[in-house]
Amino acid sequence: QQQQQQSKKISEDDVAILMAMGFSKSHSERSLRETGCDVERAVDWLFSHPEEEESISQPTNQPQELIDSGSTKYELIGFISHIGSNTSSGHYVCHIKKTGRWILFNDEKAAVSAKLPRDLGYLYLFKRI
């Protein structure tokens, strides 16, 4: 079975899925080879072997070219926060900025947010301006 997995051909679609997650082509292909072309296992392998990417993609003793990535100013457009005494109990909600107002999304309900708890966010969403 192991020999059968090793001889399995790497699918370009699977490589594209991994590359869409931000991994290089060579790192994606290697992860698929290492895991018998199982995409889910390849994702785990990629996150478990970040040093493999560095050794492949960054030649030693060569300066890195700086790339102008545009504006460095961002606007907060949303965040996810938790309502409750601890993470084992309570509820997660989302605040999204829409047409200049902050909207609180709580399951199937949405309402204008009266008090914005910016300091309680777990995940913040920004838009480059």
- Check the pair Phe23 / His27 against side-chain contact (heavy atoms from CB on, under 4.5 Å), numbers first and verdict last. CA-CA 6 Å; Phe23 298 103; His27 202 201; 4.0 Å; yes

Using atom types as modelled and distance alone, determine if a side-chain donor or acceptor of [X] lies under 3.5 Å from a backbone N or O of [Y].
X: Ser113; Y: Leu104; answer: no
X: Asp38; Y: Arg41; answer: yes
X: Arg128; Y: Tyr74; answer: no

Closest contact, heavy atoms only, [X] versus [Y]:
X: Leu120; Y: Ser81; value: O-CB, 3.5 Å
X: Ser31; Y: Leu18; value: OG-CD1, 3.5 Å
X: Val15; Y: Lys25; value: CG1-CG, 4.1 Å

- Query: If you draw a 6.0 Å radius around OH in Tyr124, do more than 12 non-hydrogen atoms from other residues or ligands fall strictly inside?
  - Reply: yes

Nearest 0.5 Å, please: how far is [atom2] in [Y] from [atom1] in [X]?
X: Ile103; Y: Arg101; atom1: CD1; atom2: CZ; result: 5.0 Å
X: Ser28; Y: Glu12; atom1: OG; atom2: CD; result: 10.5 Å
X: Leu125; Y: Cys94; atom1: CG; atom2: SG; result: 6.5 Å
X: Ser85; Y: His82; atom1: OG; atom2: NE2; result: 7.5 Å
X: Lys109; Y: Asp107; atom1: NZ; atom2: CG; result: 8.0 Å

Same cluster (ILVMFWY, side-chain, under 4.5 Å), [X] and [Y]:
X: Leu116; Y: Val93; result: no
X: Ile80; Y: Leu76; result: no
X: Phe126; Y: Ile129; result: no
X: Ile96; Y: Val112; result: yes

- Note on the structure: From the list Tyr122, Trp102, Phe79, ring pair (Phe, Tyr, Trp, His ring centres under 6.0 Å) with His95 holds only for Phe79

- Message: The test is salt bridge (Lys or Arg N to Asp or Glu O under 4.0 Å); show your working for Glu75 and Lys97 and say whether it passes.
- Response: CA-CA 10 Å; Glu75 174 186 7; Lys97 189 174 185 181; 3.0 Å; yes

- Query: Using 30° and 60° as the class limits, which term best fits the ring planes of Trp45 and His49: parallel, tilted or perpendicular?
  - Reply: parallel

- Apply the test side-chain contact (heavy atoms from CB on, under 4.5 Å) to residues Thr35 and Glu40: give CA-CA distance (whole Å), side-chain angles for both, the deciding distance (0.1 Å), then the verdict. CA-CA 9 Å; Thr35 60; Glu40 288 182 26; over 6 Å; no

